[in-house]
Structure formats: structure tokens, C-alpha cells
Engineer: 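To start, I am sharing the structure in question, which I have written as C-alpha cells.
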Amino acid sequence: MPELPEVETIARTLRPHVQGCVITNAQLLRATSQHPLSLPLEHLRGCRIAEVGRRGKLLLLQLDASNAENAAVRGCKDLRLAVHLRMTGRLMTYTPQTAPGPHTRCVFDLDVPASQVGTQKENAGAHAGHASTVQVKDAEDQLKGTAPDIHEGPRRLFFDDVRAFGLVLAGTPDIFDRWPFWSELGPEPLTLTPKNFAKSLTGRKSAIKAVLLDQKILAGVGNIYADESLFAAGIDPRRKAADLTRVQMDTLLKALQDVLLLSISQCGSSIRDYKDADGNAGAFQNTFAVYGRGGQPCKKCGRPLEKARVAGRGTVYCSQCQR
DNA sequence: TCCTCCCTGTTC
DNA sequence: GAACAGGGAGGA
């Protein structure tokens with residue numbers, strides 16, 4: 001389940017495969033995988049992928065529409081494609097001959113301008129810890145989800161999503177502004193100050209875990225990092241947010257930032273589906289203190305970890321170490 | 001502020 | 001064959 005560290009990892013690993021590429025064709029294969037506010041994906045033909053970024057759990061492709069085929073889109077400033085991977089979304093590039101799989105929701109055919117080929121190789125090599133050349137997988141690799149081929153030139157970007165919870169939204173800034181999820185998205189936890197974090201908690205009667213999961217308060221925190229940071233901070237996930245002392249709030253924000261940064265350094269956590277854009281799994285799941293460890297001994301005190309439902313989510317915590 | 005639904009593969 | 005995983009929308 002991609003949360004902030006996983007989406008950050010995907011952005012970093014996808015960048016060398018798609019940045020600078022021109023979208024020659026874009027198809028939506030499942031209507032509900034596109035947000036109703038979105039421009040038709042076909043309008044993106046001729047756009048160049050200028051940047052690959054992230055905001056909260058959203059993956060953002062910044063598009064250069066100078067040469068867009070569609071007249072309504074051509075020349076648009078700040079044209080963007082947002083991808084929310086939700087539970088099982090995945091973005092990977094493949095050879096141009098690769099057919100969409102049963103769970104492929106969108107297909108983007110990409111071409112690499114001749115001037116870009118050398119640059120792409122350099123970009124790919126610049127990403128530490130991953131293969132150093134442009135990789136495009138073939139159909140067989142798609143099924144395996146591993147062992148990418150080395151390939152240059154045209155490629156396809158697939159948005160695969162087994163559970164079809166994910167969605168794409170292509171639009172100009174005014175379209176994004178009409179998307180409540182976007183316009184109300186809270187601050188990035190990694191750059192949030194203790195003062196502003198404390199401000200956002202005051203007066204909140206709901207459980208601290210519910211507050212951490214609320215994307216209007218913090219962008220990018222999901223179930224894994226909420227549980228892990230609350231354990232690291234020694235705070236009971238069911239406690240009312242407003243009841244935390246200022247010291248506890250500061251401790252929690254620091255714990256959350258440490259956990260997120262550590263996970264990013266390990267290329268995220270892989271539970272079942274998650275893979276980065278190179279098809280590699282993350283490693284942070286091996287570091288989990290509580291998530292998915294209900295009933296197992298607490299790594300601090302050895303008592304069995306408790307399981308509960310908080311904010312409608314499965315929650316694991318230590319009744320001894322978290323108060 | 002909390003609950004239900006969406007969706008499908010995996011596990012029990 | 002039911003329970004479970006869960007982010008976010010929408011309704012109670």
C-alpha cells in the first residue's frame with residue numbers, strides 16, 4: 001500500500017524511465033480509474049513529461065504542453081497528471097509490444113526524443129541503489145514483476161491496479177483546484193514544523209491515529225506509518241489528539257519524520273503488491289516494530305502486541321509501551 | 001465524528 | 001466461502 005515513502009521511491013525510480021519522454025498515445029481502459037474532473041487522457045498526446053514528483057500520496061507528472069496535439073490543451077501552463085495508487089496501484093514501463101494485463105487501467109505510449117537518449121541513461125545511473133540503465137520490461141517480465149530488460153527508445157507506461165481503487169487525474173491548475181482532495185490536502189509531514197503540528201492537533205477530539213491518517217491534516221501518512229510512529233513515540237493510538245502534551249506532540253512529529261526518512265532510505269515497505277518503478281520491493285517491512293505484528297512480542301518490552309480497530313483501521317500497539 | 005462502501009486477491 | 005486488507009467519498 002503506497003504511502004509517502006513508497007510514492008517517493010516510485011517517483012525516484014520512475015523518473016529515469018519517463019522524464020523527457022513524449023506521450024504519443026494515452027488510453028483509459030477502465031472508466032472508473034479516471035477522476036470525473038479529469039481531462040480525457042487522449043488530450044495528452046504530444047505532451048512531454050517534464051518532471052516526476054510527489055505530493056502526499058499522489059504521484060505527479062508535470063507536463064509540457066507546448067506541442068500537444070489537442071488545441072484546447074496546447075500551450076497550457078502547469079498541465080499535470082496526478083496518479084493516486086491507493087492500495088494496489090503500480091506504475092512501470094514496458095517494451096512497446098507489451099499488451100495490457102487484466103488489471104491495466106491506463107496505457108501511455110512514450111517516445112524518447114533523439115536528443116534525450118543520452119540524458120536518460122545519465123539520469124538512470126544517477127539513482128543510487130538501482131540498475132544504472134534505462135530499463136523496459138517485456139510481457140514475461142510483467143507477469144513476474146522482476147528482471148527488467150535493458151532497452152532504449154519507445155516504451156509503454158502502464159498504470160496497473162488490481163483492486164481498482166486508484167485513479168488518475170489530468171488537468172490544469174483550475175481543474176486541480178476544483179478537486180477537494182487536492183485543494184484541501186494538508187502539509188508535507190517532512191517539512192512540517194512542531195509549532196504548526198501542535199496547532200493542527202489542538203481542539204481535536206478524535207483519536208490521535210485518526211488525525212495522523214487525515215490527509216487534510218498531514219499529506220501522505222497511511223496505516224503503516226501512523227502505527228509505527230505512534231509506537232516510536234510511545235503514544236497510545238486511541239488517545240484523543242487534543243489530550244497530548246506539547247512534548248508528546250513534538251516527540252510524535254519527530255518519530256514520524258524519522259520513520260518516514262528511514263523508510264525512504266530503504267525504498268519503502270513492500271506488503272503484498274508494492275513494487276517501485278524498477279520492479280524492486282522495498283525493505284522497510286523488515287524494520288516494522290508493530291505493523292502486521294499483532295500477538296507477537298513487543299520489541300521493547302516483550303509483551304504480546306495488542307490488535308484493535310482505531311479510525312476504522314486495523315491497529316497494532318503495545319499496551320505497556322504506548323500510553 | 002464515525003460508519004459503510006468500493007474492489008479483488010489472499011488467507012483462514 | 002467468509003473474513004480480511006484499507007484510502008477516501010459520502011452519508012448517518
Engineer: How bent is the helix from B/dT1-C/dA12 to B/dC12-C/dG1, measuring the angle between the end axes built from five pairs each, rounded to 10°?
Structural biologist: 50°
Engineer: Assigning hydrophobic clusters by single linkage (Ile, Leu, Val, Met, Phe, Trp, Tyr; side-chain heavy-atom cutoff under 4.5 Å), is A/Leu85 placed with A/Leu81?
Structural biologist: yes
Engineer: How long is the line joining CZ of A/Arg163 and C1' of B/dG9, in whole Å?
Structural biologist: 7 Å
Engineer: Sequence neighbours left out, what pairs pass salt bridge (Lys or Arg N to Asp or Glu O under 4.0 Å) with at least one residue falling in residues 237-251 of chain A?
Structural biologist: A/Asp236-A/Arg238, A/Arg246-A/Asp250
Engineer: ring-ring contact (aromatic ring centres under 6.0 Å, His included): which pairs involve residues 25-64 of chain A, sequence neighbours left out?
Structural biologist: A/His35-A/Trp179
Engineer: To the nearest Å, how far apart are A/Arg86 CZ and B/dT8 P?
Structural biologist: 14 Å
Engineer: Is A/Val22 isolated, or which residues cluster with it under the ILVMFWY side-chain rule of less than 4.5 Å, directly or via members?
Structural biologist: none
Engineer: Output the rounded distance in Å from NE2 (A/His84) to C1' (C/dG7).
Structural biologist: 6 Å
Engineer: Ignoring hydrogens and angles, state whether a donor on the side chain of A/Arg30 or A/Thr32 is under 3.5 Å from an acceptor on the partner side chain.
Structural biologist: yes
Engineer: Tell me, which pairs form a salt bridge (Lys or Arg N to Asp or Glu O under 4.0 Å) where one or both residues lie in residues 206-230 of chain A, sequence neighbours left out?
Structural biologist: A/Glu184-A/Lys216, A/Lys209-A/Asp227
Engineer: So, using side-chain hydrogen bond (donor to acceptor under 3.5 Å, both in side chains) as the criterion, who are the partners of A/Asp177 when residues are at least two apart?
Structural biologist: none
Engineer: I'd like a list of close polar pairs between nucleotides 10-12 of chain C and the protein, N/O only, cut-off under 3.5 Å.
Structural biologist:
none

Engineer: Would you mind telling me which of B/dC7, C/dA9, B/dG9 lies closest to the side-chain atoms of A/His103?
Structural biologist: B/dG9
Engineer: Among residues two or more places apart or on two chains, list those pairs meeting salt bridge (Lys or Arg N to Asp or Glu O under 4.0 Å) that have a residue in residues 290-309 of chain A.
Structural biologist: none
Engineer: Under 4.5 Å between side-chain heavy atoms, chaining through other members, with only Ile, Leu, Val, Met, Phe, Trp and Tyr counted: pull out the rest of the cluster around A/Val316, sorted by chain and number.
Structural biologist: A/Phe231, A/Val290, A/Leu305
Engineer: Step by step, would you call A/Leu110 with A/Ile49 a side-chain contact (heavy atoms from CB on, under 4.5 Å)?
Structural biologist: CA-CA 9 Å; A/Leu110 306 178; A/Ile49 300 173; 4.0 Å; yes
Engineer: Relative to each other, are the rings of A/Phe176 and A/Trp182 parallel, tilted or perpendicular (30° and 60° limits)?
Structural biologist: perpendicular
Engineer: Expressed in angstrom and rounded to an integer, what is the separation of A/Glu184 atom CD from C/dG7 atom P?
Structural biologist: 18 Å
Engineer: Could you tell me how far apart A/Asp161 (CG) and C/dG8 (C1') are, to the nearest whole angstrom?
Structural biologist: 14 Å
Engineer: Could you tell me whether a side-chain N or O of A/Thr88 sits under 3.5 Å from a main-chain N or O of A/Arg163, the two making a donor and an acceptor?
Structural biologist: yes
Engineer: Output the rounded distance in Å from CD (A/Glu3) to P (C/dG7).
Structural biologist: 6 Å
Engineer: Rounded to the nearest Å, what distance is computed from the CH2 atom of residue A/Trp182 to the C1' atom of nucleotide C/dG8?
Structural biologist: 17 Å
Engineer: Tell me, which pairs form a salt bridge (Lys or Arg N to Asp or Glu O under 4.0 Å) where one or both residues lie in residues 196-205 of chain A, sequence neighbours left out?
Structural biologist: none
Engineer: May I have the distance from A/Leu85 (atom CG) to C/dG7 (atom P), rounded to whole angstrom?
Structural biologist: 13 Å
Engineer: Hey, which of these two, A/Met87 or A/Trp179, hits DNA chain C nearer its 5' end, going by closest nucleotide?
Structural biologist: A/Met87
Engineer: Near DNA chain B, counting only heavy atoms under 4.0 Å, which residues of residues 205-218 of chain A show up?
Structural biologist: A/Lys205, A/Ser206
Engineer: For the pair A/Asn196 (side chain) and A/Thr193 (backbone), establish whether a donor and an acceptor sit closer than 3.5 Å, ignoring hydrogens and angles.
Structural biologist: no
Engineer: Near DNA chain C, counting only heavy atoms under 4.0 Å, which residues of residues 307-318 of chain A show up?
Structural biologist: A/Arg309, A/Arg313, A/Gly314
